[in-house]
Amino acid sequence: MTAAALPADLPQTDPDVVIDVEGLTKKFGERTVVKDLTMQVRRGLIYGFLGPNGSGKTTTIRMLTGLLTPDSGRGTCLGYDILTQSTEIKRHVGYMTQKFSLYTDLSIRENLEFIGRVHGLSDPRGAASEAIARLGLENRASQLAGELSGGWKQRLALGACILPKPDLLLLDEPTAGVDPKARREFWDEIHHLAHDGMTVLVSTHYMDEAERCHEIAYIAYGELLTHGTVDEVVAQSGLATYTVTGRDLSALADQLSKTEGVDQVAPFGSALHISGRDKARLDAAIEALPETEGVEVTPSEPTLEDVFIELMSQSRDNFA
Amino acid sequence: MSAPAEPRAKPGGSFSRFRAVFIKEAIQLRRDRLTFAMMVMIPLMQLLLFGYAINTDPKSLPTAVLQLDDSAFARSFIGAMHATDYFAIEKTVHSEKELDDLFLSGAIQFAVQIPVDFGKKIMRGEKPALLVIADATDPSASGNAIAALQQLPQTVFARDLEGAAAMREGQAPPFELRLHRRYNPAGETRFNIVPGLMGTILTLTMLLFTGLSVTREVERGTMETLLSLPIRPVEIMLGKISPYVVVGAVQMTIILTTSFLLFGVPIVGSLTLLLALTTLFIIANLAVGYTFSTIATSQLQAMQMSFFFFLPSMLLSGFMFPFRGMPVWAQYIGEILPLTHFLRVVRGIMLKGAGLWDLSHDVLALVAFVLVAMGVAVARFRQTLD
Ligand SMILES: Nc1ncnc2c1ncn2[C@@H]1O[C@H](COP(=O)(O)OP(=O)(O)OP(=O)(O)O)[C@@H](O)[C@H]1O
Ligand SMILES: [Mg+2]
């Protein structure tokens with residue numbers, strides 16, 4: 001889309017930046033739940049939103065749709081001001097809530113038709129049928145939404161929020177509790193949608209899902225700690241990692257976690273993942289390991305999980 | 001089960017489980033401020049209303065006089081009526097048409113018609129007839145007043161009559177008092193109660209229908225979806241109220257058919273007008289219920305608020321007790337309630353044959369009530385989850 005094609009009443013922002021917020025802060029009573037959050041998401045991206053429980057992901061997403069009013073900060077969503085134009089935002093955004101929030105006493109079809117009608121679609125019945133077919137729910141169309149299993153509820157919720165063909169999807173932990181196959185289908189669908197030009201902001205706790213995003217952001221204790229592509233985030237962390245293989249690793253793990261310079265020790269099957277913030281000191285700790293038979297130490301790349309756990313423990317240090 | 005578990009499950013165990021539930025309930029009750037307030041307010045309100053507001057012997061009933069004779073007799077009869085305390089002479093009119101209009105709009109409960117040459121005829125010993133008309137739609141409201149009125153002929157002219165026309169002990173009164181019970185000549189209480197019941201039944205059911213509609217969305221979590229959709233509070237409100245207008249119309253049909261077939265309550269006035277204004281009343285109650293549900297934070301609170309509204313509606317609207325028997329402050333509260341106006345409307349149309357114009361005051365009150373309630377609901381509707 002070119003700038004010239006935009007309606008004249010849109011604010012003068014970069015048309016390729018779909019979410020552009022600055023200094024968002026939200027308090028509940030005395031507690032600051034989101035702190036000075038600045039974020040930009042470009043059109044057509046799948047943007048992963050990660051962070052521990054209670055870090056403020058849901059709160060941030062709600063502020064983007066106008067469901068919560070930020071205490072300070074400003075920004076735009078699809079070029080509309082999040083403080084004053086939430087009606088416009090709601091017209092163009094599909095929001096999938098973390099907790100299933102469609103009508104459990106309506107059938108799948110009735111729920112979808114309701115959404116279609118509220119959005120003023122010219123043929124809500126047709127749109128609902130189309131969505132039902134796409135979701136593979138033909139046999140269950142008249143089943144009550146409340147009777148669906150958890151995974152099917154998630155699929156229905158996704159179907160409902162893409163029904164009006166929004167420009168931006170905000171998905172809050174869409175795959176929590178969904179089986180691996182369904183999860184993959186879910187992500188294939190999300191990639192299809194992004195390919196067709198939809199922008200997707202998706203919060204998740206799954207590392208493999210984070211790796212499927214074009215860009216990610218990590219938030220802890222209400223603060224955005226890092227963002228970028230997965231590779232960038234890993235590189236920025238400055239973490240050094242080794243993989244240790246051998247027998248009787250649990251004793252070794254105990255020993256290593258007490259060693260100076262080792263910040264994380266995580267068992268992965270028959271291997272240990274050890275990492276440290278300071279490569280020199282980590283190397284020194286590895287050097288100092290007594291030669292044990294069968295134990296092998298090889299340098300490796302830090303995983304995203306290593307990076308996040310590291311970020312979390314750092315921010316907790318700052319927080320305390 | 002194994003032996004050691006046995007003694008713990010016996011009486012002590014049962015008591016501690018009882019205690020656990022008791023403590024939990026007490027904590028939850030303390031958190032729920034509204035329930036707490038209701039526990040105090042409901043008995044207090046009932047006592048005050050029953051104790052102070054309700055008077056089954058209404059006095060100072062509004063009365064109009066059509067005086068076609070200006071003799072001393074006419075004046076002293078009116079004076080004597082006034083002295084009973086039951087009648088407040090509020091209007092003096094000049095034609096029967098005016099009297100009829102006042103009755104239809106409910107402005108007066110009694111009318112006295114003093115015929116031409118009333119005084120002269122008494123002096124001549126002709127026993128003229130004096131007509132008193134009572135609005136008998138609510139027999140209990142006028143019963144005592146009528147009894148007091150019927151004492152008057154014996155005593156009223158003791159001082160005015162002297163000499164030849166003087167009344168001796170035990171002699172028949174010098175004029176005839178004709179009492180005309182208008183609208184409900186047989187004094188059937190059910191003619192009054194059945195239309196009133198229609199109002200109370202509709203109040204209760206309509207309040208409950210919409211009283212839960214917003215809180216239910218909040219409690220089930222569907223509010224988050226609803227708020228994330230491009231829909232305005234007015235649209236939500238109208239969409240939620242409308243289906244129940246149809247439900248209310250069905251109830252209305254059932255009640256009207258039953259009261260006609262089983263209780264023989266007539267519909268003197270226009271059926272169309274009755275249906276239209278009952279629908280307005282239904283909307284008024286749905287609007288209050290909806291307003292409550294936008295204010296309440298749980299379904300229980302919404303129920304409590306509905307009940308809190310229903311109670312004065314029953315007591316202060318003129319349904320249970322004559323409206324004019326209540327002290328002025330209670331009448332003011334009553335004037336706010338839609339049921340008060342609806343009772344006047346429904347009794348007016350069904351029993352008196354009143355038209356829209358006669359009822360304009362009450363109709364306007366109902367319309368104003370609907371608009372205010374809806375305005376509050378839209379303003380109170382929380383469009384965010386803050
Ligand atoms: N309505 C509210 N009132 C008070 N506190 C709230 C409210 N909503 C959220 N919080 C608090 O704000 C913090 C952030 O919550 P939020 O739901 O945004 O976290 P999250 O990142 O989505 O967590 P999760 O991964 O568990 O879903 C939490 O500590 C929560 O207790
Ligand atoms: Mg969340």
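Letters A, B, ... mirror the listed sequences (proteins, then strands); counts begin at 1. It should be emphasised that the depicted structure is a prediction, and the values quoted were computed from it without experimental measurement.
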Checking heavy atoms, do the side chain of [X], its backbone, both or neither come under 4.5 Å from chain B?
X: A:Phe114; value: side chain
X: A:Arg91; value: both
X: A:Thr69; value: both

If I compare all heavy atoms of B:Gln383 with all of A:Lys90, which pair ends up nearest, and what's the gap?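 The pair with the smallest heavy-atom distance is O-NZ, 4.2 Å.
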
Closest non-hydrogen atom pair between A:Thr87 and B:Pro230, with its separation: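 What the structure gives for the nearest pair is O-CB, 4.3 Å.
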
Neighbour count above 12 (heavy atom, 6.0 Å) for [X] [atom1]:
X: A:Arg74; atom1: CZ; result: no
X: B:Met303; atom1: CE; result: no
X: B:Phe260; atom1: CZ; result: no

Check this for me: does any side-chain nitrogen of one of B:Asp386 and A:Lys26 sit under 4.0 Å from a carboxylate oxygen of the other?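 Between A:Lys26 and B:Asp386 there is a salt bridge, with a charged N closer than 4.0 Å to a carboxylate O.
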
Within residues 95-106 of chain A, residues adjacent to chain B where the heavy-atom gap is under 4.5 Å: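 A:Tyr95, A:Thr97, A:Lys99, A:Ser101, A:Leu102, A:Tyr103, A:Asp105, listed by number.
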
Heavy atoms, side chains only, cut-off 4.5 Å: are A:Leu68 and B:Thr384 in contact?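 Of all side-chain heavy-atom pairs linking B:Thr384 with A:Leu68, none is under 4.5 Å.
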
When only pairs under 4.5 Å are counted, which of A:Ile115, A:Thr65, A:Val118 shares the most heavy-atom pairs with chain B?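 Counting heavy-atom pairs under 4.5 Å, the top option is A:Val118.
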
